[in-house]
Amino acid sequence: MARGLSLRKYNAIMPLLSSAVRSYCLLHTHKSISIKGKIGVPINFDKEVKCLDDAVSLFHRMVRMKPIPSLPVFCKLFKTMLSMKHYSAVVSLFQEMRKLDIPINDFVLNILINSYCLMHRSDCAFSLLPFYLKSGIPFNVVTFATLIRGLFAEHNLNDAVELFKKVVRENICEPNEVMFGTVMNGLSKRGHTQKALSLLRLMEQGNTKPDVCDYSIVIDALCKDGNLDAAINLMNEMKQKGIPPNIVTYGSLIDGLRKLGQWENVRTLFSEMVNLNIYPNVYTFNMVIDGLCKEGKVEDAEEVMEHMIKKGVEPNIITYNVIMDGYCLRGQVDRARRIFDILMNKGIEPSIISYNILINGYCKKKKIADAMQLLSEISQRGSKPNTVTYNTILQGLFEVGRIGDAKQIYADMLSVGPKPNISTHSIVLDGYFRYGLVEEAMSLFNKLERKRENTNIAFYTVVINGLCKNGKLDEAHSVFEKLSLIGLPPNVRTYNTMITGFCLQGLLDEAKSMLRKMEKNSCLPDNVTYNVFVQGFLRWSKFSEMRNFMKEMADRGFSFDSSTARFLVDVVRENPSVLDMIPDLRSENKY
DNA sequence: CTAGGGTTAG
C-alpha cells in the first residue's frame with residue numbers, strides 16, 4: 001500500500017535530510033530564488049474567486065502579468081482554492097508554474113504538500129521531499145506538521161507517531177506548539193485521549209510549553225469522552241498557568257456539558273465567558289440553539305437566533321439546520337419546511353445536511369412523496385445526495401412497506417452510488433426481516449460477510465433481531481455466539497435483542513443466563529433489559545418470579561416503560577387476578 | 001501582505 005511506501009521513501013531520504021536541513025539554515029538559498037515582483041493591481045481574492053473557474057482564470061491572468069505577481073500572491077490564491085476544496089487543481093496549477101519556470105519557494109511547496117495530504121495522498125506528499133533538496137528549498141516544522149496531519153487523516157497512526165518521534169529524535173526541526181497539537185489531535189480523534197494527555201504533560205515538562213490550542217485539543221477530547229470533570233480541571237490548570245481559555249476552549253466545554261444535559265453548568269460557563277469579555281460566536285450560539293432544539297424548545301431556540309442577530313452574529317446554514325431538525329424532532333416538518341424556504345429566499349445555500357434533515361422529517365411523517373420530491377430537487381439545485389440521503393429514503397420506504405421501491409434504490413446505490421455503507425446494509429436487512437423476507441435477508445447477509453464488508457455490532461444486532469422475530473432463535477443464537485470470535489463484543493442492545501428472543505419463546509432460563517453473561521462481561525443491563533424480562537414473565541405467567549425481579553428492578557432505579565405498561569393493561573384486562581398475584585403492581589400507581 | 005493545529009448540525 002501507498003502508506004507503507006511513503007514511510008519507506010521517507011526513510012530512504014532521511015539521512016540526506018538531516019544534514020541538508022542543517023546546511024540549509026546556513027545557506028538561505030531560497031531567498032535568492034524568490035521573486036520580488038509586485039502585483040500592479042491588488043486582488044481581492046474573496047470577491048474575485050468564487051469558484052474553481054475564477055481561480056484558474058485568475059491564475060492565468062497572473063502568470064501573464066509583467067512583472068509577475070510575487071509568490072505570496074500565488075500562495076494566497078492557492079489557499080483560497082484549498083478552502084474551496086479544490087485540492088487537485090492546486091497540484092495542476094503548481095505543475096504549470098513549474099513548466100513556466102516560475103521560481104518556487106518553501107511556502108508554495110508546503111501548500112502543495114498540504115494539498116496532497118488533504119487529498120489523502122500522503123505518499124505523493126512524501127515524494128516531494130527530495131524535490132525540496134534538489135531545489136535547495138528548506139523544509140521546516142510546517143512541512144512535517146503537515147505530513148503528520150496527513151498521515152493521521154489516512155488513519156495511519158503508527159507512521160504519524162513514528163514520523164513525529166523521528167523529527168524529535170533526529171533533531172530535524174524543533175517541534176513547536178502546532179506540531180505537538182497536531183499529534184495530540186490526531187491521537188485523541190482516534191480514541192487515544194490518554195496518550196494525548198500524556199503528551200501534553202510531557203510538553204509541560206519540556207521546552208515547548210503548551211499553548212491555548214494544545215490545552216483546548218485535550219480538553220475537547222476529554223469532553224467528547226464525557227469526562228467533564230477532567231476537562232474542567234484541565235481548564236482550571238491552564239488558567240493557573242496564566243493561559244486564559246478562549247472561545248474555542250469554552251466551546252468544547254459547553255458542547256460537552258449540553259450533551260450531558262447539564263444546562264445549569266452551561267449557563268455558568270456562558271456568563272463566565274461574557275465576564276471575561278469573550279463574546280459567544282456562531283459556534284457557541286449554534287450549540288446552545290441545538291441543545292434547546294433537542295429538548296423540544298424550538299421557539300426558545302428561535303428567540304436565541306433573533307438575539308444573536310441583534311448582537312451582530314449572523315446565523316449560518318448550521319443554525320438553520322439545527323432549528324429545522326428541532327421542528328422535525330417534534331414532528332412539525334411543515335414548520336421545518338418554512339425555515340427552509342426562508343433561508344432559500346435569503347439566498348443562503350442549503351447544505352446536503354439541510355436536505356437530509358427535511359427528507360428525514362418527511363419520512364418520519366410517512367410523507368414519502370414529499371421526501372422523494374425533495375430528493376429530486378437536490379440535483380436540480382446543484383447539490384448532490386449522499387449516502388445518508390439515500391439511507392433516510394430507504395428507511396422511509398421500508399417504513400411504509402414500499403419494498404420494491406426500496407430494493408430499486410438499493411440496487412441503484414450499488415451500481416451508480418452513492419456507495420452504500422454499513423448503515424445502508426443494516427437498513428435493508430432490517431427491512432427484509434420485517435416483511436418476512438428471511439431468505440433474501442440471509443443471502444444478503446452471507447454475501448456481505450463473504451465480501452468482508454466492514455461490519456459493526458449494530459449490523460449484527462439487526463440480523464439477530466431479524467432471525468429472532470422470524471422464529472429462527474437457534475440461528476440467531478449461533479450468530480450471537482460468533483460475535484466474540486470476530487472481535488465484535490455484543491453491546492447492551494445486542495443482549496436485549498437476544499433476551500427478547502428467548503423471552504418470546506418462553507425460554508426464560510436462557511434469558512436469565514444471558515443476563516448473567518452480560519453482567520459477567522461488564523455490560524450493564526439498562527431499562528430495556530428489565531422491561532423485556534417483565535414482559536417475558538407476564539407473557540408466560542411467571543408471577544412469583546416477576547415479583548422478585550421487580551424488587552431488584554426498583555432497587556436499581558428502573559421502572560416500567562410505555563410498552564410494558566400497555567402490555568400490562570392488556571394482561572390485566574384479560575385476567576384481573578394478576579393484580580392479586582402481584583400486589584406490588586397496585587402501588588405502581590403510575591399507570 | 002504568503003504555508004501547518006483546536007469548538008457546532010442529519
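In this text, all values refer to a predicted model and were calculated from it rather than measured experimentally. Atoms considered below: every heavy atom in the structure, side chains included; atoms not considered: hydrogens, waters and symmetry mates. Just so we're on the same page: letters track the sequence lines, and every chain starts at 1.
Residue A/Asn386 is in base contact, counting any heavy-atom pair closer than 4.0 Å across all strands shown.
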Quick one: what's the B/S/- string for nucleotides 3-9 of chain B, heavy-atom cutoff under 4.0 Å, read 5' to 3'? BBBBBBB
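Aromatic ring centres of A/Tyr116 and A/Tyr87 lie farther apart than the 6.0 Å criterion allows. A/Phe180 and A/Phe164 have their aromatic ring centers within a separation under 6.0 angstrom.
Looking at residues two or more places apart in sequence or on another chain, you find a side-chain contact (heavy atoms from CB on, under 4.5 Å) between A/Leu228 and A/Cys223, A/Leu253, A/Leu257, A/Leu260.
We find that A/Lys367 and A/Asp334 are joined by a salt bridge, their nearest charged nitrogen and carboxylate oxygen being less than 4.0 Å apart.
Taking each heavy atom of A/Phe144 and A/Cys173 in turn, the nearest pair found is CD1-SG, 4.1 Å.
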